[in-house]
Amino acid sequence: MRALTRLMMVMSVLILGACAATDPLDEELPDMGDFQLAFNIVVADNMQQVPPSREASAEEWVEVLTAEIDRRFGGYEGDRLYHIAVNIDAYALAPPGLPVVATPKSIIVISANVWDDELQAKLHEEPEQMYVFEGAAPETFLLGSGIVRSREEQMQILARNAARRIQLWMLENPDWFSINEETAAAHAAALAARVEAVEQPPELPAEAQ
């Protein structure tokens, strides 16, 4: 009976993980006021690899993150043009590790900037640095990302999570895009909950370990 209880707990956690691992664009995208994406600029000139990590080139990171920013923001058709500029500061792609005992985590660190095209000016003083995590899914929860995912899959998931985090930051500054403050706050709260669910999925309860 105890073994069955533990199994049911594990399965419950895995089901929650499955909900957290869906494609970010399966969720309804929030209103972004007068935003329309003009230039999407991603650079990785000074990117650092944080061990332990699989290898990935700066060119590969620029390609995948550029694609995911375009994918998330390219459909907005507001009346004003904005540029998103991102520097990739560091990354770690989890290599294979011992299941449960040692499962390294994947992360990307970025610094984001938003520019107003008409004003030809940045909308904030300092870049917004973000630590973006891969999170877990049913297939990675016990075995680890490094065992069941390729590095390309890890990179794409991190890039999609990074695009979501950039949008959350933008929604927290609704005056940049003439978004109603209450509307922006509601969208930001929903997106923040989504970020937490995806990047920091629930842990196994002590009774199930």
Side-chain angles (χ1 to χ4, degrees), residues 23-50 56-92 106-135 155-196 198-200:
D23 187 330
L25 292 191
D26 285 343
E27 65 202 50
E28 184 178 353
L29 291 179
D31 173 53
M32 289 295 291
D34 60 14
F35 176 87
Q36 182 177 160
L37 181 62
F39 293 117
N40 168 18
I41 304 166
V42 179
V43 298
D45 297 340
N46 299 307
M47 179 182 70
Q48 300 293 314
Q49 182 195 74
V50 181
S57 69
E59 292 76 16
E60 289 174 314
W61 273 115
V62 168
E63 180 180 359
V64 69
L65 186 52
T66 299
E68 291 302 330
I69 292 174
D70 276 338
R71 186 170 179 260
R72 189 163 190 101
F73 292 98
Y76 287 102
E77 298 180 346
D79 298 326
R80 196 176 183 95
L81 295 175
Y82 299 86
H83 313 301
I84 295 176
V86 178
N87 184 73
I88 301 174
D89 301 323
Y91 78 93
S106 298
I107 183 175
I108 183 173
V109 183
I110 62 173
S111 295
N113 298 277
V114 177
W115 293 72
D116 184 304
D117 181 74
E118 184 177 339
L119 298 177
Q120 289 293 294
K122 192 163 63 171
L123 295 174
H124 48 94
E125 293 185 4
E126 298 295 330
E128 181 73 5
Q129 191 171 70
M130 306 173 190
Y131 291 74
V132 182
F133 296 91
E134 178 185 4
M155 291 173 72
Q156 186 172 51
I157 291 169
L158 284 166
R160 290 185 181 181
N161 290 351
R164 182 198 275 115
R165 288 282 292 277
I166 291 169
Q167 187 166 40
L168 174 58
W169 169 56
M170 292 164 69
L171 285 169
E172 291 169 346
N173 295 277
D175 54 305
W176 294 350
F177 314 106
S178 301
I179 310 174
N180 176 274
E181 289 191 10
E182 291 185 1
T183 300
H187 285 311
L191 199 55
R194 188 68 181 167
V195 166
E196 183 176 2
V198 170
E199 294 188 37
Q200 303 292 339

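A donor-acceptor distance shorter than 3.5 angstrom exists from the side chain of Tyr91 to the backbone of Ala56, with no hydrogens or angles considered. Glu199 contributes a side-chain N or O that, together with a main-chain N or O of Phe133, makes up a donor-acceptor pair within less than 3.5 Å. A donor-acceptor contact shorter than 3.5 Å links the side chain of His83 to the backbone of Phe39. Between the side chain of Arg165 and the backbone N or O of Tyr131 there is at least one donor-acceptor pair closer than 3.5 Å. Side-chain atoms of Trp176 come within 3.5 Å of backbone N or O of Leu123 as a donor-acceptor pair. Side chain of Asn40 to main chain of Thr66: a donor-acceptor pair is present (N/O by atom type, distance under 3.5 Å, no hydrogens or angles).
In this structure, Gln120 CD and Glu118 CD are separated by 9.5 Å, a value rounded to the nearest 0.5 Å. Distance check: Asn87 CG to Asp45 CG gives 7.0 Å after rounding to the nearest 0.5 Å. For the atom pair CG of Asn113 and CD of Glu126, the computed distance is 9.0 Å after rounding to the nearest 0.5 Å. One finds the CD1 atom of Ile84 at 10.5 Å from the CZ atom of Arg72 (value rounded to the nearest 0.5 Å). We find the CD1-CE distance between Ile166 and Met130 to be 5.5 Å, quoted to the nearest 0.5 Å. To the nearest 0.5 Å, atoms CG (Asp175) and CD (Glu181) are separated by 7.5 Å.
Between the side chains of Asp89 and Gln129, at least one donor-acceptor pair of N or O atoms lies under 3.5 Å. For the residue pair Gln36 / Tyr82, no side-chain donor-acceptor distance below 3.5 Å is found, with atom types taken as modelled.
Closest approach of Ser106 to Glu134, counting heavy atoms only: OG-OE1, 2.7 Å. The two residues Ile69 and Leu37 have their closest heavy-atom pair at O-CD2, 4.5 Å. Minimum interatomic distance between Ala159 and Leu65 (heavy atoms only, all atoms of both residues): O-CD1, 3.8 Å. The shortest non-hydrogen separation linking Leu191 to Arg164 is CD1-CG, 3.7 Å. Scanning both residues, Ala188 and Glu172, for their nearest heavy atoms gives CB-CG, 4.4 Å.
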